[in-house]
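I have placed the structure first, in the form of structure tokens, so that the comments after it can refer back to it.
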Amino acid sequence: MSDFSERVQHLPRLGIGVSTEYGAGDAPGGLDVEALRREHPRWAEFLEVGVETSKGLDRDARAWAAAGRPTTYHFLDVNLDDPRDLDARWLDEVCAIAAELQPAWMCGDAGLWHFGPRGRGQMLLLPPVLSDDAASAMAEGIVRLREETGHEVLPENPPGSVYVGPLHLLDFFARVCERADTGMLLDVAHLAIYQRTAGHDAFTGVDAFPLERVVEMHVAGGVQRTHEGYDFVEDSHTTDVLLETWHLLEHLAPRTPNLKAVVFECERNPLEAVVDGFARIERTLGDSTLAVRP
Amino acid sequence: MSHIALQHVIVRMLYDPAFVQRVYADPHVATADCDVCDDERAWLVRADRRAWSVDPYRRARSLTGLLEEYPVTCARLVRALGSDAAGARLDSYFSSERFHHDVQIGSTLAESFGDWLASDEATTETDTTTTLAEHPIERGIVGARRGFERRGPEAAGEGAWVLAPGVEIVFAVEGAVVSFANVLGTLRGHPSGLPEAVLDEGLTLPDPARSDARDGVLVLGHTGDVGLEAVSPELATVLDGCRMPVDFDALCRHAGAVGATPDDVRGIVDSFAGDGVLHAVGADA
């Protein structure tokens with residue numbers, strides 16, 4: 001297989017897209033993806049489909065895929081740093097769903113999606129242990145999943161309230177990307193949460209990160225909360241995007257030469273509430289490679 | 001692979017503030033039984049201690065899911081203790097040694113909770129002939145729903161038999177299948193849903209079965225929905241011998257304890273293999 005710098009040239013430009021999860025469109029107040037596409041087609045150029053194999057695809061995702069529209073497969077159920085988790089049954093299910101979606105690539109939070117066996121009652125999402133050993137283990141999982149599915153696998157930096165390990169989050173993912181020779185989905189909202197939690201400036205470590213690895217970015221809202229006097233940000237996917245998140249997007253978008261896609265994660269909000277966020281993303285991408293339309 | 005053990009410690013800390021206190025007081029002592037190194041122990045206590053408890057509803061959310069796995073047993077516990085005391089008792093699972101041990105070794109939470117429910121820690125001050133009357137059935141259903149393929153170090157080669165994934169065999173007091181169905185029906189009739197019904201001590205439950213005799217209960221989840229079938233204790237004993245892969249001769253020796261002959265065992269194996277309850281080892285390969 002060729003190296004990432006070559007492979008990335010063959011990945012399609014997807015543009016601005018929107019995320020969904022099983023049943024999100026049917027939830028009260030949820031985003032009507034079809035309506036978004038009708039009224040603002042430039043903001044729904046592709047659908048990022050959140051997938052738990054135990055649930056499969058919902059009606060909206062199936063309809064989108066059946067229409068031949070672009071998708072990405074966002075996994076919600078694999079611990080990439082645990083080789084036992086890429087079992088034959090799960091891989092079969094992933095491949096079957098991917099065959100239906102025909103995604104441009106696979107992506108997803110590279111953290112702990114479940115403790116103990118995959119299944120109901122076991123699911124959660126925690127960041128990875130930010131250590132060198134865990135970076136190597138995660139890289140192995142990414143390579144394996146890429147080889148098993150035939151799709152690029154882009155790890156995403158997950159959200160969290162506690163981060164354990166000696167490495168800066170960006171240093172950790174730089175190691176993962178290099179060892180797996182892969183691209184990355186950089187969630188700038190999650191990065192802003194991490195920087196705040198760690199007591200860093202929003203841009204700490206950014207300049208040292210290999211930005212040519214970034215293929216996709218996520219933007220999402222967060223809610224500031226206080227618990228026992230401790231301030232933290234909940235990754236709420238509301239439309240109230242943190243100022244640092246916007247600043248990171250503005251700083252990074254023109255500096256990521258292989259950026260192919262940006263998702264505004266707002267699937268639980270009505271259409272009228274998401275317009276401003278999409279418009280700002282579009283304006284911000286005006287100076288990026290993503291602004292060049294084919 | 002110690003990062004995985006460390007992740008399990010992290011999960012335990014997110015669920016249990018008392019454990020967080022112990023880790024911050026002395027991480028070596030608190031995690032002495034975990035396969036983590038000294039550096040990793042030091043990483044655990046670098047964060048602001050309050051960051052571990054920013055989600056105060058984590059236990060309640062998980063407990064709601066567990067109530068739906070064991071509605072009858074939990075409902076009986078609520079009736080025995082009162083809803084406040086029972087709520088506190090059930091919540092204490094997340095601080096129990098069972099919880100910490102099982103999360104650390106990577107067990108299923110529902111199976112761990114079921115084992116804890118059957119312990120003195122959960123049922124003290126209650127009449128266990130009532131509170132645990134239907135527990136084996138619910139525990140069997142949890143196992144059947146997970147349907148994990150059974151393997152064992154003693155697994156035999158060709159000619160071995162094992163219960164199919166999604167099939168469990170349990171022993172319960174005679175009549176428990178009926179009382180389980182009656183209680184579950186009562187709970188499901190509650191207008192606010194199953195978890196609310198479990199906690200509503202004003203909702204009277206049908207009495208449990210009372211008997212000194214025990215039935216076998218075959219829990220059949222291998223075809224999708226879970227079904228229950230009462231079987232004789234003797235047949236249950238034979239089938240229980242197939243919990244892990246066992247060759248025919250060993251199964252005959254096991255079945256001899258309840259008076260079954262090799263011909264009896266052959267008939268049982270042929271019949272249940274035909275129904276998909278028993279699998280020949282390697283048949284799925």
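Chain identifiers are assigned alphabetically (A, B, ...) following the order of the sequence lines, protein sequences preceding nucleic acid strands; residue numbering begins at 1 within each chain. In what follows, every heavy atom counts, from backbone to side chain, and hydrogens, waters and symmetry copies are set aside. Since this is a predicted model, take the numbers as computed values, not measurements.
- A 6.0 Å sphere centred on CZ of B:R46 holds more than 12 heavy atoms belonging to other residues, nucleotides or ligands.
- Other residues, nucleotides and ligands place more than 12 heavy atoms under 6.0 Å from the NE2 atom of A:H227.
- Between B:L109 and A:G121 the shortest heavy-atom distance is CD2-O, 3.7 Å.
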Quiz item: Stepwise, does the side-chain contact (heavy atoms from CB on, under 4.5 Å) test hold for A:V162 with B:I10?
Solution: CA-CA 9 Å; A:V162 184; B:I10 289 167; 6.0 Å; no
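- Considering only heavy-atom pairs separated by less than 4.5 Å from chain B, the leading option among A:G165, A:S131, A:S161 is A:G165.
- Interface remark: B:S53 contributes backbone and side-chain atoms alike to the contact with chain A (heavy atom separation under 4.5 Å).
- Contact of the A:V129 side chain with the B:E40 side chain is not registered, since no non-hydrogen atoms from C-beta on lie closer than 4.5 Å.
- Between B:R58 and A:L124 the shortest side-chain heavy-atom distance falls below 4.5 Å.
- Summarising the geometry of B:H3 relative to A:A137, their closest heavy-atom pair is CE1-CB, 3.5 Å, with the distance given to 0.1 Å.
- The shortest side-chain heavy-atom distance between A:V164 and B:L6 falls under the 4.5 Å cut-off.
- Ranking A:H114, A:Q122, A:E234 against chain B, the residue ahead of the rest is A:Q122, based on heavy-atom pairs under 4.5 Å.
- Only the backbone of B:S107 has a heavy atom closer than 4.5 Å to any heavy atom of chain A.
- The contact between B:A110 and chain A is made entirely by backbone atoms, counting heavy-atom distances below 4.5 Å.
- Between B:Q7 atom CD and A:F115 atom CZ the span is 12.0 Å, to the nearest 0.5 Å.
- B:E68 does not touch chain A: none of its heavy atoms, backbone or side chain, sits under 4.5 Å away.
- Contact count versus chain B (heavy atoms, under 4.5 Å) is highest, among A:P166, A:G116, A:G119, for A:P166.
- Proximity of A:R120 to B:R146: side-chain heavy atoms (C-beta onward) are separated by under 4.5 Å at one or more points.
- With rounding to the nearest 0.5 Å, the separation of CG in B:D48 from CG in A:D231 is 10.0 Å.
- Looking only at heavy-atom pairs under 4.5 Å with chain A, the residue among B:V54, B:D39, B:L14, B:L44 that has the most is B:V54.
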Exercise. Begin with the C-alpha distance, continue with both residues' side-chain angles, and end with the deciding distance and a verdict on side-chain contact (heavy atoms from CB on, under 4.5 Å) for B:W43 and A:L130.
Key: CA-CA 10 Å; B:W43 302 340; A:L130 300 176; over 6 Å; no
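- No side-chain heavy atom of A:Y230 sits under 4.5 Å from any side-chain heavy atom of B:W52.
- Applying the 6.0 Å contact sphere to CD of A:E178 captures no more than 12 heavy atoms from other residues, nucleotides or ligands.
- Distance check: A:L112 CG to B:H8 NE2 gives 6.5 Å after rounding to the nearest 0.5 Å.
- Among B:A51, B:S62, B:G106, the residue making the largest number of heavy-atom pairs under 4.5 Å with chain A is B:A51.
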